[in-house]
Each structure stands twice: as structure tokens, then as C-alpha cells.
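What follows is one structure encoded as C-alpha cells, with my remarks underneath.
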Amino acid sequence: MNATSAVLGIKKIQGALKILAALQLTAYLWPQQAQVQDGACFDYIIVGAGSAGSVIANRLTELDKATVLLIEAGGDPPVESVIPGLLPFLKNTEVDWNYETENDGYSQQYHKNYGVELTRGKMLGGSSSINFLAYTRGNYHDFNNWAKMTGDESWNWENVLPYFKKSERLVDPVMLHSSARSFHGTDGYLATTRKYNEEVLKYFEAFQEVGNRIVLDTNGDTPLGITECMFNIDNGVRQSTAQSFLHPIKDRPNLFVLKNTLVSKILFDEDKNAIGVEAILENDDVVQFKADKEVIVSAGAINTPQLLMLSGIGPKEHLESHNIPVVSDLPVGQSLQDHIMVMMAHKMGKSPPPKPVDYSYIGSPLMMGYTSLNKSKNYPDYQSINFIMNDPTPMLQFCSFYFSYIDEICQTLYDKSIGKEVLFSLVILLYPESRGRILLRSTDPKEKPIIYTGYYSDPVDLERHAMYVEDFAKIQHTEFFESVNAERVEPEVCGCENKYSTEEYWKCYALCMMVSGYHYSGSAAMGVVVDSRLNVFGVQKLRVADASVMPKITGANTNAATIMIGERAADIIKEDLFLRSRC
Ligand SMILES: Cc1cc2nc3c(=O)[nH]c(=O)nc-3n(C[C@H](O)[C@H](O)[C@H](O)COP(=O)(O)OP(=O)(O)OC[C@H]3O[C@@H](n4cnc5c(N)ncnc54)[C@H](O)[C@@H]3O)c2cc1C
């Protein structure tokens, strides 16, 4: 197989799935389109039904006297979102915002078009409907740091843990009967589970040999070690926030969900109170809706800054360059963060006989590792996501289609691994110092913003990442790897080969094989753009609640922490409502 035909194969299946979409097989799962008039008034308007927005809509409609309008730019999740094993087919479709980063002339040079394709969900559930389903929270250090950065202890680990538990419904029987149980919730909306795979055991031994502990759960008090990943899957169904938080309440009479509607501006009165939003309906009609109490922006770390800036909240000079009247001069979009991943492949022993694909899961067994180079430190420096692929075809598809590396890289990795089992790994820099930026391309709300990722713009990031990749590569010298003559597969086109095994080599390798971790965050951070109760500085009755408010990216995938932010936001809003009522 070659890289071009691997991509074409995926596109053909996407074509077939598009035809299937006309049958609207999943429509019964989702809230129906609200029938609302231009000018209608609600207590709360939430912009974006993603990981955070869907949670907030659920929790605010628990107040049966409050009316909530939830506005989502996309529509219903299709069947390939609902069935976990079909996730590769979601990219580059109409449920993906299809963002691309700018060419910075330095990173991303081994990607088609010299930029990373930043996949993001545009449908109910947002990116939780398109993501890789891993349930990982981050560790005590992350949230204690948030508390320090915001000066608000309510964001420390001890105080956010109850919110992680509140959202969760753990269904895995092994964990339910283990000491890890006390760190998990069992009566929340979001199902979490895991699948136990025999194949991982020999790899676990290898990870242990290079200094990692084998642990049951990294989401509680043991943030380091290698584990079988937890997933947001229940009975073969993706637990997006659309599935877990909107589906069960889809008929609540005080919930109004407007789909395929793009919010284009937040409206303010002369005292800078947010009083509603302007939105563009599917038929291009422009309408306005009023919010009696608050507007909550949960449009994600790329669209939230875009919408704030279109509404006059952002860096003064940038807004003025687009003739946008300034409502509040704030560094919106200026400290975008993301995890950077470096891809690595090891070819192992002979391919085992092919197995039928289990679409109720994510395809291949997955081991998640959290490692610290400093063994006295109890939180990780890097994460590794490791898939056991029983032949190299899925690696070719991921490499060429999903991560869009240039064909020469993917083809080399594939050709060298034919006939072999592959350990396909992503080594992740968890705490980048580099920052990116989101800027308006124009004042047209439908035009994609400019995204500078800033990857490796702080040289310390490349130095650290190179060390972590080198540390990870030690696995090749373990007993199991040597017993099957395992070899790391060299992509050969990065120009690093003549520096083999030096510090320079690993920097060169990381720069060549890097890709986005899809964990954009921090673009409207607490302490900078919003206060620790998520109110936007300089205006009233406007909050942001999504991954944008993270003051520092968590040391893990970001979905669970964003859902926690949604849970906290809803409680903060309710507390403020009751305080006001007492006056
Ligand atoms: C490909 C991919 C894989 C990932 N894998 C994992 C993983 O395995 N585990 C994990 O923990 N995390 C993962 N993540 C990250 C995680 O999914 C995100 O951090 C999280 O979903 C972000 O939530 P959010 O609420 O900030 O934004 P989103 O969930 O993206 O929600 C924003 C919503 O707002 C809507 N919207 C935007 N602008 C407007 C507008 N102007 N008007 C109306 N609606 C609007 C969007 O369509 C979207 O539905 C992944 C992300 C991606 C993209």
C-alpha cells in the first residue's frame, strides 16, 4: 500500500458515510432544533455545545425556572462520531472546523502544506465528539499551580477533584473494586471505562524495565506510571458531552438548542453589560437573542478568542487595525498553548494473524505512560501514548491522513515495517513554555482566524522534548524488545541520520516528527482575560468557560479538565445567582 492510496481509501469511506448521513440514523439521540424567534429572550445564552458548553447547559437547566439557549455552529454528531472505531473518518469533513496553522518556517516543516491540520469538532459535543476518547485528568501539580496562578484556592486539586467525580460514572468493574475507586465518581453523566488487552503485558514489562511503574490508574494519587488507558466509551458508544450531558436531558422544557447557527457577536449596552448575541442562522439570516442574566462563551480555545475579538474584547491595536470599536482592551488569543507530540515507531516480531477490528473500541490496544526524568518528582515530564498495531497499515493511515506528515516519511515507516507488529508511539511534551497566538484574519465571522502555534518558539522546549524522546527510546534495549529483534524505524528523510544518537540527533528528530496534540488551551486564560470566577475583565454579565481559560495547560489530555471547568462554571453561575437573589 502507498500513502496516497491509504488516504484515498479513507476518503472513499468518508464518501459512503456521507450518503449514510442522509438517513439521520442518530437523530433520535439529540435535542431537536429549537423554534425561536428573532429577538427572543432567555435567562442564559451559552455559545458552543462542546465539552464545556454541553455540561453548563445541563447543569443550568436543573434550575427549572431558568431558560437556557444553547447555540451551536454545527449540527448533530454522525454515526462515525458515535461509534468509537470510526473516529479516523471524522477528520476533514463538515463536522471538523478544518483549521490549519500558519507556516512559521521552523516547526511543522515535514507536514503537507508546512502547517498542522488542527482538527476541532463542529457539532453537538464539540471536540469531545471528534477526539480520541482518552479519559485523563491531569495531576495534583497542575491544579495546585492553577490555584497559585489565579490566587484562588478553589482551583486546587483538593477542590477540583469533587468536580471530576461529580461528572463521572465509572463503569469498569476492576476499578470499581480497587483502591482507585475513591478517586472516581459513579453517579455522574460521563461514563468512563477501559478494555483489558492481553497484548499489553509483554510491553508493560519492557516499560517497567526502563523505570516505569505499572499502575491501574493515573487519574488519582499515582500520576506516574504506565497503564491501560481509561476511555469515554460505554457499551460501544462514544461518551461525548452530547451523548452524556445533552442526550439525557434533551426534552427538558427550559432547554432550547439552536444548531447550525454561528454566533457572530456579543452585544453590550452602554454600561458594558452583555445583553445578548447576534447570530447567523443556517439560511444566512442574521438574528439577535437577548440574555436576561448572562452570556457564557464556550466556543473552544480557537473560536472563543475569535468571537471575543469580533465583539470588541481583545488587544486594542489589533482590534483597531480591523476598525472594531474596543469594549475591553485585553490580551485575548495571546497565550495559546498546546501539547506537542513526536511520533515514533518500533517494528517488533512477525505480524500476528489479523484480527477483526473491534469498532466498539478505538481499534488498537493503547498504553498510556507518564514519566518523570527526575525520579524524586511525583508528576510527569512527558506522556507517551502507545498503540500496539498488528500490522503497519493503520500507522500509514494515521501518519499520512490524520497527522498529514509528508508522504516520504509515512511511506518509509510503512515499507520498513511490512509483515511486523508495530508499537506506534507519541511522546508528548507536557509543559511547553512556548506560546502561540490567535488573530483575526478579517471581521467576517465565517473566515478562519490566523493561528500561530508558536511550537518550539522557546528553545528550551525543543531541548526538553529531545531529552524525553531519547529517554523513551531506551525501551529498544529491553529484554522483550531484544528478544523479538525490535528496531526503531528511522524515517530517513529528516536529515538527522548523520548525527545518530547525539543530542543534536534527537533535537533534529523531534523537530522533524512533531505534530499537534490537539489540546489547544489558554487563549483567554484566568488571571489574564477572565477572573477566577470566569468573568471577562472590563465588562459585566459575560463569562468564558472552556479550555481557553486554563492558565496553564494540564499535564494530560484536556477533555476531562474542560468538563470539570464546565461543572465548576455552572456551580459558580448558580452561586452568583443565589447571592444576587438574596440582595
Ligand atoms: C482530534 C482531537 C483529539 C483529542 N483527543 C483527546 C483525548 O483523547 N482525550 C482528551 O482528554 N482530550 C482530547 N482532545 C482535546 C479535547 O477534546 C478538548 O480539549 C476539549 O474538547 C475542548 O473543549 P472546549 O469546550 O474547550 O471546546 P469544544 O469541545 O471544541 O467546543 C466548542 C464548541 O463551540 C462551537 N462553536 C465554536 N464557535 C462557535 C460560534 N461562534 N457559534 C456557535 N458555536 C460555536 C464548536 O462548534 C464546538 O462545538 C482532543 C481534541 C481533538 C481535536
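Both ligands and their constituent atoms are indexed starting at 1 by order of listing. Reckoned from all heavy atoms, side chains included, excluding hydrogens, waters and symmetry mates.
Nearest protein neighbour of atom 45 (C) of ligand 1, counting heavy atoms only, is Ala73 CB, 3.8 Å. Shortest contact from atom 50 (C) of ligand 1 to any protein heavy atom: Asn131 CB, 3.3 Å. Protein heavy atom nearest atom 15 (C) of ligand 1, with residue, atom name and distance: Thr558 OG1, 3.4 Å. Looking from atom 47 (O) of ligand 1 to the surrounding protein, the closest heavy atom is Glu72 OE2, 2.7 Å. The single protein non-hydrogen atom nearest to atom 21 (O) of ligand 1 is Ser51 OG, 2.6 Å, given as residue, atom name and distance. Taking atom 34 (O) of ligand 1 as the reference point, the nearest protein heavy-atom neighbour is Gly48 CA, 3.2 Å. Protein heavy atom closest to atom 11 (O) of ligand 1, with residue, atom name and distance, is Asn559 N, 2.8 Å. Closest to atom 8 (O) of ligand 1, if we only count protein heavy atoms, is Ala134 N, 3.0 Å.
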*Taking it one step at a time, do Glu102 and Arg437 satisfy salt bridge (charged side-chain N to carboxylate O under 4.0 Å, His left out)?*
CA-CA 10 Å; Glu102 298 298 306; Arg437 275 178 308 148; over 6 Å; no
*Taking it one step at a time, do Thr554 and Phe143 satisfy side-chain contact (heavy atoms from CB on, under 4.5 Å)?*
CA-CA 8 Å; Thr554 52; Phe143 303 103; 3.8 Å; yes
_Chi angles and distances behind the ring-ring contact (aromatic ring centres under 6.0 Å, His included) call for Phe256, Phe289_ = CA-CA 12 Å; Phe256 300 83; Phe289 300 110; over 10 Å; no
*Would His339 and Leu430 count as a side-chain contact (heavy atoms from CB on, under 4.5 Å) if you check the C-alpha gap in whole Å, the side-chain angles of each, and the deciding distance to 0.1 Å?*
CA-CA 6 Å; His339 289 136; Leu430 287 176; 4.1 Å; yes
_Walk me through whether Val55 and Tyr189 qualify under side-chain contact (heavy atoms from CB on, under 4.5 Å)._
CA-CA 9 Å; Val55 175; Tyr189 284 100; over 6 Å; no
_Run the ring-ring contact (aromatic ring centres under 6.0 Å, His included) test on Phe164 and Phe183 for me, step by step, so that the C-alpha distance in whole Å, both residues' side-chain angles and the decisive distance to 0.1 Å come before the verdict._
CA-CA 9 Å; Phe164 280 110; Phe183 288 92; over 10 Å; no
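Ligand 1 places these atoms under 4.0 Å from at least one heavy atom of Ser128: 21 (O). Less than 4.0 angstrom separates some heavy atom of Ile71 from each of these atoms of ligand 1: 43 (C), 44 (N). Interface of Leu262 with ligand 1, defined as ligand atoms under 4.0 Å from a residue heavy atom, comprises 40 (C), 41 (N), 42 (N). Applying the 4.0 Å criterion to heavy atoms of Met123 picks out, from ligand 1, the atoms 49 (O). Under a 4.0 Å criterion applied to the non-hydrogen atoms of Ser298, ligand 1 contributes the atoms 32 (C), 33 (C), 34 (O). Shown in contact with Asn303 at under 4.0 Å from a heavy atom are these atoms of ligand 1, numbered in order with element: 37 (C), 38 (N). Heavy-atom contacts of Thr119 reach the following atoms of ligand 1: 53 (C) (cutoff under 4.0 Å). Every atom of ligand 1 is numbered from 1 in the order shown, and the set under 4.0 Å from a heavy atom of Arg120 is 27 (O), 28 (P), 30 (O).
Each salt bridge (Lys or Arg N to Asp or Glu O under 4.0 Å) pair with one or both residues in residues 227-244, not counting sequence neighbours, appears once here: Arg169-Asp234. Within the structure, salt bridge (Lys or Arg N to Asp or Glu O under 4.0 Å) pairs that include any residue of residues 517-535 comprise Arg533-Glu575, Arg533-Asp576 (at least two apart or interchain).
The pair Glu100-Lys112 does not count as a salt bridge, with every side-chain nitrogen at least 4.0 angstrom from each carboxylate oxygen. Using a 4.0 Å cut-off between charged nitrogen and carboxylate oxygen, Asp217 and Arg137 do not count as a salt-bridge pair. At a threshold of 4.0 Å, the pair Lys293-Asp43 counts as salt-bridged, since one of the basic side-chain nitrogens sits closer than that to a carboxylate oxygen. Ion pairing of Glu62 with Arg59 is present here, as a side-chain N (NZ or NE/NH1/NH2) and a carboxylate O approach within less than 4.0 Å.
Considering backbone and side-chain atoms alike, Gly517 places every N or O at 3.5 Å or more from each N or O of ligand 1. Inclusion of Val263 in the set of residues having an N or O under 3.5 Å from an N or O of ligand 1 is warranted. At under 3.5 Å, a nitrogen or oxygen of Phe132, whether backbone or side chain, sits near a nitrogen or oxygen of ligand 1. Here's the thing with Ala547: one of its N/O atoms is less than 3.5 angstrom from an N/O atom of ligand 1.
Residue contact annotation: Ile302 has no non-hydrogen atom under 4.0 Å from ligand 1.
At a heavy-atom cutoff of 4.0 Å, ligand 1 is contacted by no atom of Thr241, backbone or side chain. Within the 4.0 Å heavy-atom criterion, the part of Tyr402 lying near ligand 1 is the side chain and not the backbone. Neither the backbone nor the side chain of Thr304 comes within contact range of ligand 1; no heavy atom lies under 4.0 Å. Only the side chain of Trp97 comes within 4.0 Å of ligand 1, judged by heavy-atom distances.
The residue among Gly121, Gly53, Gly300 with a heavy atom at the shortest distance from atom 48 (C) of ligand 1 is Gly121. Closest heavy-atom approach to atom 24 (P) of ligand 1 among the candidates Ile565, Thr562, Leu70: Thr562.
Put simply, the side chain of Asn98 reaches to within 4.5 Å of the side chain of Lys448, judged on heavy atoms. Tyr44 places a side-chain heavy atom less than 4.5 Å from the side chain of Ile573.
Met514 and Gln108 get closest at one heavy-atom pair: SD-N, 3.4 Å. Smallest separation of non-hydrogen atoms from Trp155 and Trp146: CE3-CE3, 3.9 Å.
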